[in-house]
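Here's the structure we're looking at; comments come further down.
For clarity, every value in this text was computed on a predicted model and none was experimentally measured.
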Amino acid sequence: FLCGYCWHGDIINRVNNSSSNCQKFERGSNYEDIVNRFQLWNVSFPSKDKYKVIFGTFEALRIVHANQNPTSCLSAKYLISGYHNGGFGSEIHVLGAQLGLAINLHRVFLLNPFIHPKVRWEVENAFCQNQKATNLECYYVALSPCTVFDALGPNAMEILRQASDNNFKGIHSNGLKSIALGGGDVPLLNNHEETTRTLIQKHKDDKALVVQVPGWLHGGIIPLSLRDVLACSSVNVSHHVYWWRAIAAAYIVRPNNETLTWLAENSNALISSDADSIHYLTSSGTPTLAMEDANRHVISMHVRRGDKAVEMKIVPLSAYIAAAEAIWRQIGALPSQSAITSERATTSQRGLFVSTEDSKTLEELAAYCLSTSLSTSSSRGLGINTNLKHNQPSSSSIGRNCVLLHTNVFNRTGMTAEQTTAARRVKKEVHAPHEYLSMVLNLQFSLRSSAWVCTLASNSCRLIDELRATIAGKAQHLFADLSEESCADMALSSPRPCFGLPGEGDRNFGWRL
């Protein structure tokens, strides 16, 4: 089953009108300057002429950066994050909603030093202890140079510890007030000017507030200060929240120096079924994945298993494989009816980078890549160009299917991430010391890929989509969504942020107006 492809090429530089106000939001800034000034993750290295981001990325990041860097931390007001028990991508998205709220309330957003007990495993390791970090600032650049001590004074840690005992609900004995996100105080609505004015007036004398996050958060909060940018864009109004999530993720996911050093030191933790054909040596002799060479066609495949079945329908691996083969045909890495034999890609040009918590998935994909027979399901019914639906090439014409790539920082077998929800209820959680770092490493390799296959019903998959369309500069590249849930959303007049392949006419979808 495949619903469709994401290809954000049509919302890169489009504007609704030609006013000078809109033109200033076009990408005119020097990318290297933006990366350095805002400390963005320089994760991908496409050539300057091929670097494409969704409309308004840099202007939106400028507004976020200005909010987070006040002229004086002493006189600023603050919003401090609350508890959230979620996975890798979910945490980033919920923080993004809180960041949007903070910007609307003209408050600097700070990460709470106390995180939900269920996710403390992320920071209970030597890597974070060496940095004396108790939240995600162990891995990422601090959202602001200001701190909770600027917000709450010298007793900040004790004040927040006491508030955490009550899950950051209500008004605490020390006077710190909570603001409920996703209901109560702050409904998750796009048009929330009146709510914002009311909250600003209500809390005008409160230097700091802490967020009470619901157990299940749908939607988000778009900063009102970004309305002019969105008004000039071609982003469909139903996708403004998704656009903001992409901006927020680009600002939140900025690996700090310690993480960047670890990523560089562990980039050789990439395992390949054919190392000689997909790696090259840097000047220092360190093996580095040649994912962005012009003749490489590495598809990133994020396969979510484990406990995800409680939130979405698990997609069979055969659908992932069929989608990858369809993309390889579209970009010329596999022969099709229109392919020229002499230009067929060799096995070494078809890389498959896989991130998954499931050991069995890696074994099955390794067997597929080592095989010389393509998927029997072919690309029929995948919603792609008709000239790509037929003629499976013979095994002799393509060699082995692909080169499998995955990280090998720790053994996944027996880890909690691999368990179903039922198993988690009866087994003690088991996490590896570098488990969170391995997720960031997987994300790095994924963003350096040429195309993507995953399920947008997964927060981690959406995070990949958001970052490839912003900091990675690959908004125009192909991205296959396999989620039945996101297709159902489209049927209910809530189009998902994907559409058909370039040139398919009426099949284009959703980010656009």
Side-chain angles (χ1 to χ4, degrees), residues 37-39 64-84 91-92 94-117 119-120 122-181 185-186 199-200 202-213 223 248 251-259 436:
R37 194 179 351 147
F38 298 159
Q39 296 178 273
V64 174
H65 184 264
N67 184 85
Q68 293 299 106
N69 290 266
T71 55
S72 169
C73 290
L74 291 176
S75 59
K77 291 184 177 181
Y78 297 91
L79 184 70
I80 302 170
S81 66
Y83 269 172
H84 175 64
E91 281 189 287
I92 302 301
V94 172
L95 287 175
Q98 296 174 76
L99 174 60
L101 174 60
I103 295 172
N104 277 345
L105 299 181
H106 309 301
R107 291 173 177 265
V108 176
F109 181 53
L110 301 177
L111 294 191
N112 200 314
F114 295 91
I115 62 176
H116 196 285
V119 294
R120 283 180 191 160
E122 295 173 345
V123 296
E124 290 177 341
N125 53 59
F127 183 82
C128 294
Q129 289 165 2
N130 289 340
Q131 298 180 62
K132 296 181 172 57
T134 59
N135 56 26
L136 290 185
E137 287 177 1
C138 166
Y139 305 104
Y140 305 122
V141 174
L143 295 181
S144 172
C146 306
T147 70
V148 292
F149 297 103
D150 296 310
L152 296 169
N155 297 321
M157 296 299 285
E158 180 59 23
I159 291 172
L160 289 171
R161 187 196 63 75
Q162 292 179 16
S164 71
D165 291 341
N166 193 34
N167 198 25
F168 301 108
K169 294 179 180 178
I171 300 177
H172 310 285
S173 58
N174 47 46
L176 177 65
K177 297 177 183 176
S178 294
I179 185 167
L181 182 64
D185 296 316
V186 189
L199 286 172
I200 290 174
K202 178 180 179 180
H203 296 289
K204 61 184 176 64
D205 296 325
D206 297 315
K207 185 173 181 62
L209 300 169
V210 65
V211 181
Q212 177 192 336
V213 181
Y251 196 82
I252 294 169
V253 183
R254 300 177 298 161
N256 58 27
N257 288 334
E258 289 79 9
T259 300
Y436 193 92

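Side-chain atoms of Leu199 and Asn104, non-hydrogen and from C-beta on, never get closer than 4.5 Å to each other. Residues Phe38 and Val64 fail the side-chain proximity criterion, which asks for heavy atoms closer than 4.5 Å. Counting only heavy atoms from C-beta outward, the side chains of His203 and Leu105 never approach each other to under 4.5 Å.
Between Ser144 and Pro70, the shortest heavy-atom distance links the atoms OG-CD, 4.4 Å. Of all heavy-atom pairs spanning Val123 and Cys128, the tightest one is O-CB, 3.2 Å. Of all non-hydrogen atoms in Ala151 and Leu110, the two that sit nearest each other are CB-CD1, 4.2 Å. The two residues Phe109 and Gln68 have their closest heavy-atom pair at O-NE2, 2.8 Å. Across all their heavy atoms, Val108 and Asn67 have their closest contact at CG2-O, 3.5 Å. Listed here is the closest heavy atom pair of Leu152 and Ile159: O-CD1, 3.9 Å.
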Side chain to side chain contact (heavy atoms under 4.5 Å, CB included), that's the test. Do Cys73 and Phe149 meet it? Break it down for me. CA-CA 10 Å; Cys73 290; Phe149 297 103; over 6 Å; no

Derivation and outcome, side chain to side chain contact (heavy atoms under 4.5 Å, CB included), residues Leu143 and Leu99: CA-CA 10 Å; Leu143 295 181; Leu99 174 60; 5.5 Å; no

Show your reasoning for whether ring pair (Phe, Tyr, Trp, His ring centres under 6.0 Å) applies to Tyr83 and Phe114. CA-CA 8 Å; Tyr83 269 172; Phe114 295 91; 8.3 Å; no

List the steps, then state whether side chain to side chain contact (heavy atoms under 4.5 Å, CB included) holds for Gln131 with Asn256. CA-CA 11 Å; Gln131 298 180 62; Asn256 58 27; 3.5 Å; yes

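Formation of a donor-acceptor pair under 3.5 Å by the Tyr140 side chain with backbone atoms of Tyr251 is not found in this model. At distances below 3.5 Å, not a single donor-acceptor pair connects side-chain atoms of Arg120 with backbone N or O atoms of Thr134. With hydrogens and angles disregarded, no donor-acceptor distance shorter than 3.5 Å links the side chain of Glu137 to the backbone of Ala142. Distance alone, capped at 3.5 Å, places no donor-acceptor pair between the Ser81 side chain and the Leu111 backbone. Listed for the Asn112 side chain is no donor-acceptor partner under 3.5 Å among the backbone atoms of Ile80. The main-chain N or O of Leu209 is never found under 3.5 Å from a side-chain atom of Lys77 such that the two would form a donor-acceptor pair. Between the Asn125 side chain and the Glu122 main chain, a donor and an acceptor come within less than 3.5 Å of each other. Gln98 places a side-chain N or O within donor-acceptor distance of the main-chain N or O of Gly82, the cut-off being under 3.5 Å. Using modelled atom types, no side-chain atom of Asp206 and backbone atom of Leu176 make a donor-acceptor pair closer than 3.5 Å. Listed for the Lys207 side chain is a donor-acceptor partner under 3.5 Å among the backbone atoms of Ala76.
The line from SG of Cys138 to CD of Glu124 is 11.5 Å long, rounded to the nearest 0.5 Å. If you take CZ on Arg37 and CG on Asn69, they are separated by 11.0 Å, rounding to the nearest 0.5 Å. Between Phe168 atom CZ and His116 atom NE2 the span is 10.5 Å, to the nearest 0.5 Å. Atoms CZ and OG1, on Arg254 and Thr259 in that order, are 12.5 Å from each other to the nearest 0.5 Å. Going from atom SG of Cys146 over to atom CG of Leu74 covers 8.5 Å, rounded to the nearest 0.5 Å.
Checked against salt bridge (Lys or Arg N to Asp or Glu O under 4.0 Å), Glu258 has no partners two or more places apart in sequence or in another chain.
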